[in-house]
There are 2 protein chains.
Amino acid sequence: MKPLSIDQIKDLFHEHGLRTTRQRELIYTLLHQSHDHPTAEELFQAARVQDSGLSLATVYNTLDVLVESRLARKLTPAGGGSSRFDADLSDHAHLATTDGKFVDIPEDLSRELVDRIGPDLVGRIESRMGVKVDAVTVSLVVAGLPGH
Amino acid sequence: MKPLSIDQIKDLFHEHGLRTTRQRELIYTLLHQSHDHPTAEELFQAARVQDSGLSLATVYNTLDVLVESRLARKLTPAGGGSSRFDADLSDHAHLATTDGKFVDIPEDLSRELVDRIGPDLVGRIESRMGVKVDAVTVSLVVAGLPGH
DNA sequence: TTAGATGCAAATGTTTTGCATCCCC
DNA sequence: GGGGATGCAAAACATTTGCATCTAA
């Protein structure tokens with residue numbers, strides 16, 4: 001993801017009703033830049049290099065807030081272990097590895113997956129079951145990481 | 001799910017290379033009968049009624065074994081909280097509620113979901129990404145439980 | 001007979017919380 | 001100035017593990 005300026009982050013936070021703090025700015029920047037999908041602990045370690053006073057609880061709280069305000073997505077490994085986070089909110093699917101990591105599925109294939117499910121079918125499920133579907137998640141479970 | 005006789009369970013376990021113990025029999029029976037998708041703790045409470053000596057660790061260990069030998073499936077709530085378990089192995093999708101529960105999507109709709117994704121697309125993802133896909137999971141996230 | 005299963009309790013790993021202090025709006 | 005955000009430590013929660021004992025095959 002292309003880097004964001006401080007002003008862009010301020011705007012983004014403001015649009016989503018969040019106060020801008022030094023810690024949030026840092027955590028969001030690191031999350032937005034990262035290509036893998038870091039855990040709270042990994043973000044904490046990376047952030048401490050630049051802000052040695054940061055606490056792990058703040059990382060967790062901030063990630064919660066980002067997820068709730070739809071600036072990030074939480075990825076929960078099926079086998080247990082630490083949750084991972086993703087600042088890329090475009091509709092895309094993931095490969096979930098059995099050791100609890102996630103890899104993006106390329107955009108074209110992701111879109112094809114999502115499109116195939118389609119709003120018509122989701123709509124039928126909604127009316128049959130009397131619910132409002134908030135999000136559709138597709139994940140393909142694989143044994144090892146691609147690229148050995 | 002229709003109830004299983006003790007002999008059926010013994011056979012099933014034997015086919016899957018598992019020893020039959022009093023505890024496994026009980027846990028599997030309860031899981032197989034249940035319509036919701038119980039947590040380890042819930043199964044433990046239910047099982048203790050019939051076997052007061054049972055330990056929670058055994059429930060966890062047994063569920064692990066059942067999942068590994070493909071006699072049960074583990075459902076991991078995206079928002080965190082206890083994992084849930086399902087002895088129904090037929091291809092079916094779930095509604096995942098934001099409070100960490102799961103509800104089966106009726107068979108016809110489940111099949112439609114699964115069919116739409118299709119082996120062709122999965123195959124293309126496999127070759128493009130150099131992986132072997134083990135399982136495909138679709139979950140539809142809803143805010144509340146259907147049926148209020 | 002013996003490899004594998006269990007029970008117990010303690011350990012682990014992850015995430016949350018209470019509360020005093022701090023600082024963005 | 002005031003309400004939300006942070007840091008710290010402790011607590012909570014889910015799950016795993018070590019080890020002595022038991023038991024199914």
Side-chain angles (χ1 to χ4, degrees), chain A residues 6-7 9-28 37-45 47-48 50-69 71-72 74-85 99-101, chain B residues 6-7 9-28 37-45 47-48 50-69 71-72 74-85 99-101:
Chain A
I6 295 173
D7 283 348
I9 293 183
K10 280 214 169 91
D11 287 353
L12 210 50
F13 280 11
H14 191 253
E15 284 166 21
H16 290 251
L18 300 187
R19 279 196 189 176
T20 307
T21 67
R22 186 169 31 82
Q23 294 89 336
R24 286 180 178 178
E25 216 173 279
L26 175 55
I27 293 165
Y28 182 72
H37 306 288
T39 63
E41 179 68 33
E42 285 165 358
L43 279 169
F44 176 57
Q45 296 300 342
R48 278 224 290 190
Q50 294 171 61
D51 178 352
S52 60
L54 181 69
S55 99
L56 179 57
T58 296
V59 176
Y60 273 105
N61 291 333
T62 298
L63 289 170
D64 270 3
V65 165
L66 292 176
V67 169
E68 252 158 61
S69 53
L71 282 168
K74 188 179 188 175
L75 305 174
T76 308
S82 302
S83 297
R84 294 178 170 276
F85 296 87
D99 66 335
K101 299 196 176 68
Chain B
I6 294 172
D7 283 349
I9 293 182
K10 280 214 170 91
D11 286 353
L12 210 50
F13 280 11
H14 191 253
E15 284 166 21
H16 290 251
L18 300 188
R19 281 197 189 177
T20 306
T21 67
R22 189 175 68 282
Q23 293 90 336
R24 287 181 177 177
E25 215 173 280
L26 175 55
I27 294 166
Y28 182 72
H37 305 288
T39 62
E41 180 67 34
E42 286 165 357
L43 280 170
F44 175 57
Q45 296 300 341
R48 278 224 290 191
Q50 295 172 61
D51 179 353
S52 60
L54 181 69
S55 101
L56 179 57
T58 296
V59 176
Y60 273 105
N61 289 334
T62 298
L63 289 170
D64 270 5
V65 165
L66 291 176
V67 169
E68 250 158 62
S69 53
L71 283 169
K74 187 178 189 177
L75 305 175
T76 308
S82 303
S83 297
R84 294 179 169 276
F85 296 86
D99 65 335
K101 299 196 176 68

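Numbers restart at 1 for each chain; the letters A, B, ... are given by sequence-line order, proteins then strands.
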**Q.** Annotated protein contacts, base or backbone, on nucleotides 10-18 of chain D with a non-hydrogen cut-off under 4.0 Å, one of B, S, - each
**A.** ----SBBB-
Q: Supply the atom-to-atom distance B/Phe85 CZ to B/Leu43 CG, rounded to the nearest 0.5 angstrom.
A: 8.0 Å
Q) When we call it a touch if two heavy atoms are under 4.0 Å apart, what does B/Gly80 touch: a base, just sugar-phosphate, or nothing? A) nothing
Q | Residues forming a salt bridge (charged side-chain N to carboxylate O under 4.0 Å, His left out) with B/Asp99, sequence neighbours excluded | A | B/Lys101
Considering only distance and modelled atom types, tabulate donor-acceptor pairs under 3.5 Å from the side chains of residues 54-61 of chain A, sequence neighbours left out.
residue : atom : partner : partner atom : Å
A/Ser55 : OG   : A/Ala57 : N            : 3.3
A/Ser55 : OG   : A/Thr58 : N            : 3.3
A/Ser55 : OG   : A/Thr58 : OG1          : 3.4
A/Asn61 : ND2  : A/Ala57 : O            : 3.2

Q. Could you state the CD-P distance from B/Gln23 to C/dG4, rounded to the nearest angstrom?
A. 17 Å
Q. Rounded to the Å, how far apart are B/Ile27 CD1 and C/dA5 P?
A. 13 Å
**Q.** N/O (side chain, B/Thr58) to phosphate O (OP1/OP2, C/dG7) under 4.0 Å
**A.** yes
(Q) Quick check for you: to the nearest 0.5 Å, what is the distance between B/Phe44 atom CZ and B/Ile27 atom CD1? (A) 9.5 Å
(Q) In whole Å, I'd like the distance from the CG atom of A/Leu26 to the C1' atom of D/dA5. (A) 15 Å
Enumerate, atom names and distances included, each donor-acceptor pair closer than 3.5 Å involving a side-chain atom of residues 11-26 of chain A, sequence neighbours excluded.
residue : atom : partner : partner atom : Å
A/His16 : ND1  : A/Ser69 : O            : 2.7
A/Thr21 : OG1  : A/Arg24 : N            : 3.1
A/Arg22 : NH1  : A/Asp51 : OD2          : 2.7
A/Arg24 : NH1  : A/Arg19 : O            : 3.1

**Q.** Inter-residue atom distance B/Glu42.CD - B/His37.NE2, 0.5 Å rounding
**A.** 11.5 Å
Q: Can you tell me the distance, in whole Å, between the CD atom of A/Glu25 and the C1' atom of C/dC24?
A: 12 Å
Q) Of the non-hydrogen atoms in B/Thr76 and A/Pro77, which two are nearest, and what is the gap between them? A) CG2-O, 3.6 Å
Q. What is the minimum heavy-atom distance between A/Lys74 and B/Ala78, and which atoms define it?
A. CD-O, 4.0 Å
Q.
Going by side chain to side chain donor-acceptor pair (under 3.5 Å), name the residues that satisfy it together with B/Gln45, two or more places apart in sequence or in a different chain.
A. B/Glu41
Q | Rounded interatomic separation in angstrom, taking CG from B/Asp51 and P from C/dA5 | A | 17 Å
Q. What is the distance, rounded to the nearest whole Å, between atom CG of A/Leu54 and atom C1' of C/dT21?
A. 16 Å
Q) Closer to the 5' end of DNA chain C via nearest nucleotide, is it B/Ser52 or B/Arg24? A) B/Arg24
(Q) Please report the distance, rounded to the nearest Å, between CG in B/Leu63 and P in C/dT6. (A) 11 Å
Could you list, one pair per line, each protein nitrogen or oxygen that sits under 3.5 Å from a nitrogen or oxygen of nucleotides 22-25 of chain D, together with the distance?
residue : atom : partner : partner atom : Å
D/dA24  : O3'  : B/Thr20 : O            : 3.2
D/dA25  : OP1  : B/Thr20 : N            : 3.1

